[in-house]
S.K.: 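Sharing a structure, written as C-alpha cells. Questions coming.
Just so we're clear, the structure is a prediction, and the values are computed from it rather than from any experiment.
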Amino acid sequence: MPAFSLEPSQTAQCAELRALAEERLRPLAEKGEPGRVNRPLVAELGRLGLLERLFTSGALDLCLMRESLAQACTEAETALALQGLGAHPVHAHGTPAQRERWLPAVSEGSAVAAFALSEPGAGSDAAALGLRAEGEPGGSAGTPGARAEKDPAGRGAAEGSGAALREQATADSEAPEGRAGREPAWRGSRAAGGESAWQGAPGSRAAGGESAWQGAPGSRVGREPDSAAGATAQPVAVADGTSRWRLTGEKCWISNAPEADFYTVFARTTPGAGARGVTAFLVPADRPGLTGTALDMLSPHPIGALAFDAVPVSADDVLGEVDRGFRVAMGTLNLFRPSVGAFAVGMAQAALDATLAHTARRDAFGGKLKDLQSVAHTVAEMALRTDAARLMVYAAATAYDEGAPDVPKRAAMAKLLATETAQYVVDTAVQLHGARAFQRGHLLEHLYREVRAPRIYEGASEVQRGIIAKELYAPYANLEAV
C-alpha cells in the first residue's frame with residue numbers, strides 16, 4: 001500500500017466540519033439529557049446531510065467525518081456513528097423493501113437505528129449467541145431455511161474470541177462484504193442557506209414494503225423487563241411455521257436501546273454451529289413482545305438492554321441469508337472498527353490541543369509549564385502517539401476502500417492502537433491540567449468519561465490482539481509439525 005497523506009481539499013473539509021459541529025451541533029448536544037437519544041441532534045445531522053453520507057462514503061471518508069466531529073462534539077460523533085452501525089446491515093444486506101422502508105428515515109434523522117449483538121453471556125465471544133431455532137424452517141439455498149456448512153466442532157468466529165477467528169475469516173471470504181458507494185471527494189464549500197457541503201438530496205420514504213408487524217418508526221420499546229442485565233435466560237429463536245420464528249431472550253449493552261426505532265438483531269437459528277448458525281433480523285421497536293430498559297453507564301451516550309418475549313419475525317425480516325448473519329456482523333465491524341479508531345484519534349487530538357494551550361499559558365516555577373522539560377517531552381509523546389494512530393486508522397480505512405485482503409487485521413490494528421493511544425493521551429492531559437480537569441463540565445472531564453468505552457465495544461482490546469495474531473499466523477496454519 002502506498003504511503004498515505006490527505007489531499008488539501010480533504011484537510012479543508014475536515015476543518016469545515018469541525019466548525020460546523022461547533023456552530024450547529026454542539027449547542028444541541030448541550031441541551032441533551034445524558035443517557036438518552038438526542039433526537040434534535042440526530043435530526044440536525046440529517047438536515048446537514050451527514051447521515052446520508054453514511055451510505056455514500058467510503059471507509060476513509062467515514063473516518064474523516066468521525067475524527068472531525070469527535071474533536072468538536074463527541075455527542076454528535078456518537079449519534080452519527082450509531083446510526084451507521086445500526087443501519088449499515090440494512091444498507092449492505094437488506095431487501096429493497098427493507099431499504100426503502102428504513103434508510104430514507106435514517107438519512108433524514110427521523111428514525112434511530114441500533115446494532116443488537118451483545119448478550120449478558122455473549123459479549124466479546126459474539127459467536128456464543130444463544131438464539132436457536134426449534135425445528136427446521138422450510139426453504140432452499142438462498143432462502144430462509146438454507147444452512148451454511150456446519151462446523152463439526154461447534155466452534156464460531158468470535159467478534160472477539162481467539163478460539164475460532166479463522167472461521168470468521170473464512171465466512172467473510174465466502175461472500176465479500178458489499179462496499180458502500182463511494183464519491184471521489186467531499187463536495188466543496190458550504191451550500192446556500194447555511195447547509196453543509198455534505199448535504200445530500202433527502203430520499204423519500206417508500207410507501208410499501210412493511211411486514212405484517214411493522215409500525216410507525218416513532219414508536220418505542222414498551223415495558224421494562226424485570227431484570228435487564230442480570231437475567232440468565234438464554235435467548236431462543238423458535239420456529240413458528242415455515243420461515244417464521246419467535247425470538248425469546250435478552251440483549252444487553254446495546255447503544256441507542258431502548259429508544260431506537262429499529263434494531264439489527266443477531267439470533268441463533270442453528271444450535272451448535274457457532275458463527276455459522278446465526279441469522280441477522282431487522283426488528284422494528286414496536287414488534288409485540290419487545291421491551292427494554294435504559295442502563296446507567298459511565299459513558300454519556302444511551303445504552304440499554306432488550307428483552308424478547310416470543311417476538312415474531314419472518315423471512316421478510318431476515319438481513320442477508322439464514323445462518324449467515326455472523327458475516328453481516330463481521331462485515332459491519334470491519335467497516336466501523338477503523339472509524340472507532342478515528343473517533344479515538346479525534347478525542348486524543350482535542351485533549352492534545354487543550355494541553356498545548358494550557359501548558360503554554362500556565363505559570364509554574366518561575367516560568368510557563370511548557371518550559372519544564374518533563375512537561376514538554378510528555379506533550380511531544382502525546383503528539384507522536386496521536387499522529388501514529390491517525391496514520392494507522394487512515395491506512396486501515398484505505399485498505400477497506402481498496403478491497404485489500406488483510407482488512408480484518410488492519411481494522412483490528414487501527415482500533416487497538418487508536419483507542420489505547422486515546423486513553424493514554426486523555427489521561428496524560430488530565431494529569432498536566434491538574435485538579436481543574438476533574439471539574440464537572442470541563443472538556444477533559446467529559447473526554448475522560450468518553451474515552452474508556454471504545455477500548456471495550458466493537459471488540460475489546462484483547463479481542464483485537466487475538467484477531468491480529470490469528471491473521472499473522474494464518475500462513476502457518478497448515479504446516480505439519482516437525
S.K.: Does the Asp401 side chain pair with the main chain of Leu60, one donor and one acceptor, at a distance under 3.5 Å?
M.R.: yes
S.K.: I'd like to check the ring pair (Phe, Tyr, Trp, His ring centres under 6.0 Å) partners of His358; sequence neighbours left out, ordered by chain and number.
M.R.: His433
S.K.: Tell me, do Leu6 and Leu64 make a side-chain contact under 4.5 Å, heavy atoms counted?
M.R.: yes
S.K.: Do Thr56 and Arg53 have side chains that get closer than 4.5 Å, going by heavy atoms?
M.R.: yes
S.K.: Which atom pair, heavy atoms only, marks the closest approach of Pro454 to Met347?
M.R.: CG-CE, 4.2 Å
S.K.: Please walk me through it: do Val283 and Phe262 pass side-chain contact (heavy atoms from CB on, under 4.5 Å)?
M.R.: CA-CA 6 Å; Val283 182; Phe262 72 93; over 6 Å; no
S.K.: Please list all pairs meeting salt bridge (Lys or Arg N to Asp or Glu O under 4.0 Å) that have one or both residues in residues 423-434, counting only residues at least two apart or in different chains.
M.R.: none
S.K.: Below 4.0 angstrom, N of the basic side chain to O of the carboxylate: do Glu458 and Lys415 qualify?
M.R.: no
S.K.: OG1 of Thr332 to NE2 of His91: how many Å apart, nearest 0.5 Å?
M.R.: 10.5 Å
S.K.: Show the nearest heavy-atom pair for residues Thr428 and Tyr424, with the distance to one decimal.
M.R.: OG1-O, 2.7 Å
S.K.: Look at the side chain of Gln83 and the backbone N and O of Ala111, then say whether any donor-acceptor pair between them is shorter than 3.5 Å.
M.R.: yes
S.K.: Got Phe308 and Thr291 here, is their nearest side-chain heavy-atom distance under 4.5 Å?
M.R.: no
S.K.: Can you name the salt bridge (Lys or Arg N to Asp or Glu O under 4.0 Å) partners of Asp296, sequence neighbours left out?
M.R.: none
S.K.: Any Lys/Arg nitrogen of Glu67 or Arg390 sitting under 4.0 Å from an Asp/Glu carboxylate oxygen of the other?
M.R.: yes
S.K.: Donor-acceptor pair, distance only, cut-off 3.5 Å: does the side chain of Thr74 make one with the backbone of Ala70?
M.R.: no
S.K.: Just so I know, are the side chains of Phe326 and Arg276 near enough to count as touching, which here means a heavy-atom distance under 4.5 Å?
M.R.: no
S.K.: Determine whether Leu444 and Phe438 satisfy the following criterion, side-chain contact (heavy atoms from CB on, under 4.5 Å), listing intermediate values before the conclusion.
M.R.: CA-CA 7 Å; Leu444 289 175; Phe438 291 107; over 6 Å; no
S.K.: Looking at side-chain heavy atoms only, is the closest gap between Leu290 and Tyr263 below 4.5 Å?
M.R.: yes
S.K.: Does CD in Glu22 sit with more than 12 non-hydrogen atoms of other residues, nucleotides or ligands closer than 6.0 Å?
M.R.: yes
S.K.: According to the salt bridge (Lys or Arg N to Asp or Glu O under 4.0 Å) rule, which pairs have a member within residues 440-450, sequence neighbours left out?
M.R.: Arg440-Glu445, Glu445-Arg449
S.K.: Donor-acceptor pair, distance only, cut-off 3.5 Å: does the side chain of Lys409 make one with the backbone of Leu472?
M.R.: no
S.K.: Distance from Leu62 atom CG to Phe343 atom CZ, nearest 0.5 Å?
M.R.: 12.5 Å
S.K.: Set out, in order, the CA-CA distance, both residues' side-chain angles and the distance that settles side-chain contact (heavy atoms from CB on, under 4.5 Å) for Arg455 and Ser461, then state yes or no.
M.R.: CA-CA 6 Å; Arg455 292 172 59 203; Ser461 292; 3.9 Å; yes
S.K.: Measure the spacing between CE of Met392 and CG of Asp387 and express it to the nearest 0.5 Å.
M.R.: 13.5 Å
S.K.: Which atoms form the tightest heavy-atom contact between Ser118 and Ile254, and what is the distance?
M.R.: O-CD1, 3.8 Å
S.K.: Within this structure, what is the CG-SG distance for the pair Leu28 and Cys73, rounded to the nearest 0.5 Å?
M.R.: 8.5 Å
S.K.: Which residue pairs satisfy the salt bridge (Lys or Arg N to Asp or Glu O under 4.0 Å) criterion with at least one member in residues 73-84, sequence neighbours excluded?
M.R.: Arg66-Glu77
S.K.: List the atom of Glu259, the atom of Val37, and the distance in Å for their closest heavy-atom pair.
M.R.: OE2-N, 3.2 Å
S.K.: I want to check something: taking the side chain as every heavy atom from C-beta on, are Leu25 and Leu20 in contact at a cut-off of under 4.5 Å?
M.R.: no
S.K.: What distance separates Leu333 CG from Arg337 CZ, expressed to the nearest 0.5 Å?
M.R.: 5.0 Å
S.K.: Could you check whether any side-chain heavy atom of Thr359 comes within less than 4.5 Å of a side-chain heavy atom of Lys368, counting everything from C-beta outward?
M.R.: no
S.K.: Output yes when a side-chain donor or acceptor of Thr264 lies under 3.5 Å from a complementary backbone atom of Gly86, and no otherwise.
M.R.: yes
S.K.: Looking at every non-hydrogen atom in both residues, tell me the closest pair between Leu247 and Ala267 and how far apart they are.
M.R.: CD2-CB, 4.0 Å
S.K.: Return the OG1 to CG distance between Thr78 and Asn38, rounded to the nearest 0.5 Å.
M.R.: 11.5 Å
S.K.: Determine whether a donor-acceptor pair (N or O, by modelled atom type, separation under 3.5 Å) exists between the side chain of Arg36 and the backbone of Pro302.
M.R.: no
S.K.: Counting N and O atoms only, with roles assigned by atom type, does the side chain of Ser57 sit under 3.5 Å from a partner on the main chain of Leu54, one being a donor and the other an acceptor?
M.R.: no
S.K.: Find out whether His446 and His442 are in side-chain contact, i.e. whether some heavy atom of one side chain is under 4.5 Å from a heavy atom of the other.
M.R.: no
S.K.: Ring centres under 6.0 Å, that's the criterion: do Phe115 and Phe266 meet it?
M.R.: yes
S.K.: Is it possible for you to check whether Arg410 lies under 6.0 Å from the centre of the six-membered ring of Tyr400, through NZ or CZ, and within 45° of that ring's axis?
M.R.: no
S.K.: Which heavy atom in Cys14 sits nearest to a heavy atom in Ser68, and how many Å separate them?
M.R.: CB-OG, 3.3 Å
S.K.: Look at the aromatic rings of His301 and Tyr457 and report parallel, tilted or perpendicular, splitting at 30° and 60°.
M.R.: perpendicular
S.K.: Kindly write out the residues that satisfy salt bridge (Lys or Arg N to Asp or Glu O under 4.0 Å) with Asp371, not counting sequence neighbours, or none if the list is empty.
M.R.: none
S.K.: Take Ser110 and Glu108, measure what side chain to side chain donor-acceptor pair (under 3.5 Å) needs, and give me the verdict at the end.
M.R.: CA-CA 6 Å; Ser110 62; Glu108 68 186 21; 2.7 Å; yes
S.K.: Set out, in order, the CA-CA distance, both residues' side-chain angles and the distance that settles side-chain contact (heavy atoms from CB on, under 4.5 Å) for Glu250 and Leu306, then state yes or no.
M.R.: CA-CA 6 Å; Glu250 293 192 354; Leu306 300 172; over 6 Å; no
